Trainee: 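I have a structure I would like to understand better, so I am pasting it below and will then ask my questions one at a time.
To find a chain, count down the sequence lines: A is the first, B the second, and so on, and within it residues start at 1. No experiment lies behind these values; they were computed from the predicted model shown.
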Amino acid sequence: NENVSMDYSIKHPLQNCWTLWYFENDRNQSWEKNQREIASFDTVEDFWSLYNHIKPASELKQGTDYSLFKKGIRPMWEDAANKKGGRWLISLEKKQRTNDLDRYWLDIILCLIGEAFENSDEVCGAVVNIRYKGDKIGVWTGDASKGAAVLEIGRKLKERLHISNRITIGYEVHKDTMDKTGSSSKYSYSV
Amino acid sequence: GTKIVYERNFLLNLRNSP
């Protein structure tokens with residue numbers, strides 16, 4: 001940029017306060033109890049001091065998740081802020097854990113905390129699932145019926161992650177996922 | 001009010017600020 005000197009005594013405030021969650025599957029406890037809040041932050045500097053000292057997603061154990069949600073929204077479908085919503089789903093191939101996973105997850109976080117989406121009010125949070133069969137990243141929005149907003153977020157996501165136009169990503173409505181009985185069509189939107 | 005928006009590079013540049 002230009003020759004702007006930074007005043008490091010002032011932290012840069014974020015539009016929203018965000019909470020990082022960690023999920024680890026302990027069968028002796030309920031699913032909800034296995035979701036643990038790690039920390040919340042509302043400045044750029046506090047975000048980095050958290051991010052710089054936690055493990056990157058690619059080094060987590062299989063079966064675990066990180067979730068980053070606006071403070072007050074729990075990373076689950078049942079939360080009032082999520083129950084009418086859905087998620088843009090990015091399914092990664094196994095080999096992408098080494099190539100793309102950490103870059104995608106960080107770029108998604110930067111989109112969230114930097115309010116990169118025009119319709120960022122619609123964004124609830126994002127989840128990364130570390131799984132043997134292939135990792136997944138979801139960007140959760142609060143109202144699946146707001147098609148224009150959902151599509152804007154999906155398009156911006158693809159652009160920011162440099163996902164090729166040959167690859168299509170889909171948006172799943174949480175309610176459909178919950179009610180899923182067979183292999184009926186999965187995605188309500190795709191970009 | 002105005003939304004506080006940060007560019008990706010701006011955020012990355014603050015990663016190792018003191």
Trainee: Check the surroundings of atom CD in Glu24(A): do more than 12 heavy atoms from other residues, nucleotides or ligands lie under 6.0 Å from it?
Mentor: yes
Trainee: Quick one: CG on Leu106(A) to CG on Leu11(B), what's the gap to the nearest 0.5 Å?
Mentor: 9.0 Å
Trainee: Within the structure provided, determine whether Glu115(A) and Ile4(B) are in side-chain contact (heavy-atom separation under 4.5 Å).
Mentor: no
Trainee: Do you know which two heavy atoms are closest between Phe117(A) and Lys3(B), and how far apart they sit?
Mentor: O-NZ, 3.1 Å
Trainee: Taking CD in Glu7(B) as the centre, count heavy atoms belonging to other residues, nucleotides or ligands within less than 6.0 Å. Is the count above 12?
Mentor: no
Trainee: How about NZ on Lys95(A), more than 12 heavy atoms from neighbouring residues, nucleotides or ligands closer than 6.0 Å, or not?
Mentor: no
Trainee: Distance from Leu110(A) atom CG to Tyr6(B) atom OH, nearest 0.5 Å?
Mentor: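 Going from the CG atom of Leu110(A) to the OH atom of Tyr6(B) covers 13.0 Å.
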Trainee: Please classify the contact of Ser120(A) with chain B as side chain, backbone, both or neither, using a heavy-atom distance under 4.5 Å.
Mentor: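 The answer is both parts of Ser120(A).
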Trainee: Is there a path of hydrophobic side-chain contacts, each under 4.5 Å between heavy atoms, that joins Tyr132(A) and Val127(A)?
Mentor: no
Trainee: Taking CG in Asn52(A) as the centre, count heavy atoms belonging to other residues, nucleotides or ligands within less than 6.0 Å. Is the count above 12?
Mentor: yes
Trainee: Before giving the answer on side-chain contact (heavy atoms from CB on, under 4.5 Å), spell out for Gln15(A) and Val5(B) the whole-Å C-alpha distance, their side-chain angles and the decisive distance to 0.1 Å.
Mentor: CA-CA 7 Å; Gln15(A) 175 70 23; Val5(B) 176; over 6 Å; no
Trainee: So with a 6.0 Å cut-off around NZ of Lys158(A), is the heavy-atom count from everything else above 12?
Mentor: yes
Trainee: What closest approach, in Å, do Asp107(A) and Arg8(B) show between heavy atoms, and which atom pair accounts for it?
Mentor: OD1-NE, 2.6 Å
